[in-house]
Protein chains: 2
Amino acid sequence: MSRRSDVLEFAVLGLLRESPMHGYELRKRLNSSLGVFRAFSYGSLYPCLKTLVAQGWLTEETASASQDGPAVPLAGRRAKIVYRLTAEGKEHFEELLAQTGPEAWEDEHFGVRFAFFGQTSRDVRVRVLEGRRSRLEERLDKMRTSLARTRERLDDYTLELQRHGMESVEREVRWLTELIESERAGRDERPSGAAGSQETGGLPRDRDSTRPDPSDDTAN
Amino acid sequence: MSRRSDVLEFAVLGLLRESPMHGYELRKRLNSSLGVFRAFSYGSLYPCLKTLVAQGWLTEETASASQDGPAVPLAGRRAKIVYRLTAEGKEHFEELLAQTGPEAWEDEHFGVRFAFFGQTSRDVRVRVLEGRRSRLEERLDKMRTSLARTRERLDDYTLELQRHGMESVEREVRWLTELIESERAGRDERPSGAAGSQETGGLPRDRDSTRPDPSDDTAN
DNA sequence: TTCGTCATGTAATGGGTTACATGATTAC
DNA sequence: GTAATCATGTAACCCATTACATGACGAA
């Protein structure tokens, strides 16, 4: 029970499933991998970690200066607290991964769910994408009828705003449709782990800048 | 001072500037005109109205069954409370309209600001649009460098999510650019009131369904 | 008379940020 | 030695939603 926010919990479990980490790093990963959609501060992260430990899904390991494998500069600053997923934690996360209801495709959740599609089985992926799409279509319907009822008393700018909003949603629907189709057409089934080859969505993909730049982090 | 949420306050003042209204109707207008971006519940609206009254920006008129002009069925149910903008309220709203800082183009504010562009002077409009655009470009930059730093350890889905996010932002930037250009090219200057002619954004515009449908409203 | 919608409110709760407090370690 | 970054936390606050309480009015 104990509805502690869901998405933060989910994301933390998911990231820790990949490898143990301490809070500070966790937050950075959180805000870069998933951060396009959501950013969390320590003020929410640390308390969340505590409750997850209390739940038995994580263990704290106070790795105070010891054990360094390779010639890596070091991995033992202060008394860092490394969080590791327990067996129950993993099991719990697996359950969350399998969910296909509104808790998977509503606005706040969809982003994180998608981010962990790599660990999600294909049929769940498809169901989540379809759920999301019909949610958006439903919303489009509402917007359209609402627009139809009010268009005459709205001025140009409000109208343009509405139009742009609808267009964005329509675009997202098309995106989802493409994803669904390419999931259906997809060949290999590999339920977990980050696979190597390209071809996730059959979409154009890629054309970005390349600049190393160790600046980052905002807030708190 | 008293940072009571800003956007709700702004929207309420703006809507009441057009005509006096009671809370219930106000909320409906709020959630249809601006609602693509934000929805408010009575739990926030009514307290907000109270503080605006306390501030001297609104007056409450308890229109308890009286005065009906035309043969309109009626406009006097229970003791409705009609809110009306005072002179100071109008002045205050005018000041808010003139603001061009971050309080105008940050995510939470931009939508409402745009919705009231009809009452905003052209140069303020342009400055707000430009501010918004550079904010988004800044964000794009961060996303790009962050992507460049992390792309190899991200799996396909995370990457696709990132890609889609960036594409959306890029699209919004293009939208803003078009709007800015058409503002610059625009002929007539009419600072307030909803003007008639088309050509707000020089964009394609229009192709939607038409269905009357008196169903609406969700929540609370 | 009962249901739906109009209409106004409030208290509890939730979910999160900000600001603060503290301190170790590294790079200059 | 000092600034930046790594690192962990907490308390105060903010903003809004949920759920609830209340009640009038119109239509079936």
Side-chain angles (χ1 to χ4, degrees), chain A residues 1-12 21-31 35 37-51 53 60-65 72-83 106-109 112 214-220, chain B residues 1-12 21-31 35 37-51 53 60-65 68 72-83 106-109 214-220:
Chain A
M1 304 305 159
S2 89
R3 286 297 104 236
R4 173 150 224 84
S5 173
D6 291 342
V7 0
L8 181 52
E9 172 184 312
F10 183 87
V12 165
M21 254 179 284
H22 54 271
Y24 191 86
E25 196 186 342
L26 205 44
R27 178 180 173 262
K28 282 207 303 186
R29 305 277 246 102
L30 224 52
N31 294 339
F37 297 86
R38 222 164 195 331
F40 291 100
S41 62
Y42 297 124
S44 14
L45 178 57
Y46 283 117
C48 172
L49 285 169
K50 288 255 174 78
T51 74
V53 169
E60 296 179 316
E61 289 161 44
T62 330
S64 46
V72 180
L74 225 313
R77 306 177 138 284
R78 171 232 202 108
K80 278 201 283 196
I81 300 176
V82 176
Y83 293 92
E106 281 303 324
D107 289 336
E108 331 79 275
H109 304 106
V112 221
S215 74
D216 194 34
D217 208 348
T218 16
N220 211 329
Chain B
M1 302 309 159
S2 88
R3 283 302 103 229
R4 174 151 221 83
S5 172
D6 290 343
V7 0
L8 182 52
E9 173 184 312
F10 184 87
V12 165
M21 255 178 284
H22 55 271
Y24 191 85
E25 195 186 344
L26 206 43
R27 178 180 173 262
K28 282 207 304 186
R29 304 277 244 103
L30 224 50
N31 293 340
F37 297 85
R38 221 163 195 330
F40 290 99
S41 62
Y42 297 125
S44 14
L45 178 57
Y46 283 117
C48 172
L49 285 168
K50 288 254 174 80
T51 72
V53 168
E60 295 179 315
E61 288 162 44
T62 330
S64 48
D68 48 324
V72 179
L74 225 312
R77 300 177 143 285
R78 174 234 202 104
K80 279 202 281 197
I81 300 178
V82 175
Y83 293 92
E106 282 303 324
D107 290 337
E108 332 79 275
H109 304 106
S215 75
D216 193 32
D217 208 349
T218 16
N220 210 329

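Side chains are part of it too, since the values below use all heavy atoms of this structure and drop only hydrogens, waters and symmetry mates. Convention: sequence-line order gives letters A, B, ...; per-chain numbering from 1. It should be emphasised that the depicted structure is a prediction, and the values quoted were computed from it without experimental measurement.
Every salt bridge (Lys or Arg N to Asp or Glu O under 4.0 Å) that B/E106 has, sequence neighbours left out, goes to B/R135. For B/Y46, the side-chain contact (heavy atoms from CB on, under 4.5 Å) criterion is met by B/Y24, B/Y42, B/L49, not counting sequence neighbours.
At C/dT17, one or more side-chain N or O atoms of A/S44 fall inside 4.0 Å of OP1 or OP2 (strictly under the cut-off). The side chain of B/Y42 places no N or O atom within less than 4.0 Å of a non-bridging phosphate oxygen (OP1 or OP2) of C/dT8. Phosphate contact (OP1/OP2 of C/dT18, side-chain N/O of A/S41, threshold under 4.0 Å): absent.
Comparing D/dC6, C/dT10, C/dC6 by their closest approach to the side chain of B/K28 singles out C/dC6. Minimum atom distance to the side chain of B/F40 is reached by D/dA16, of the listed C/dA7, D/dC6, D/dA16. Here the nucleotide nearest the side chain of B/K80, chosen from D/dT17, D/dG9, C/dT8, is C/dT8.
In this structure, the CZ atom of B/R38 is 9 Å from the C1' atom of D/dC15, given to the nearest Å. Here the P atom of nucleotide D/dT10 and the NZ atom of A/K50 are 4 Å apart, to the nearest Å. Separating the CG atom of A/L49 from the P atom of D/dT8 is a distance of 9 Å, rounded to the nearest angstrom. D/dT22 atom C1' lies 14 Å from atom CD1 of B/I81, rounded to whole Å. In this structure, B/Y46 places its OH atom 12 Å from P of C/dC6, rounding to the nearest Å. To the nearest angstrom, C1' of C/dT5 lies 12 Å from NE2 of B/H22.
Side-chain contact between A/D6 and A/V112 is absent, with no heavy-atom pair separated by less than 4.5 Å. Looking only at side-chain heavy atoms (C-beta outward), A/V7 and A/F40 come within less than 4.5 Å of each other.
Distance CG/B/L26 to CD1/B/I81: 12.5 Å, rounded to 0.5 Å.
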- line: Note, DNA chain D 5' to 3' with Watson-Crick or G-U pairs under 3.5 Å encoded as ( ), [ ], | and . gives ||||||||||||||||||||||||||||
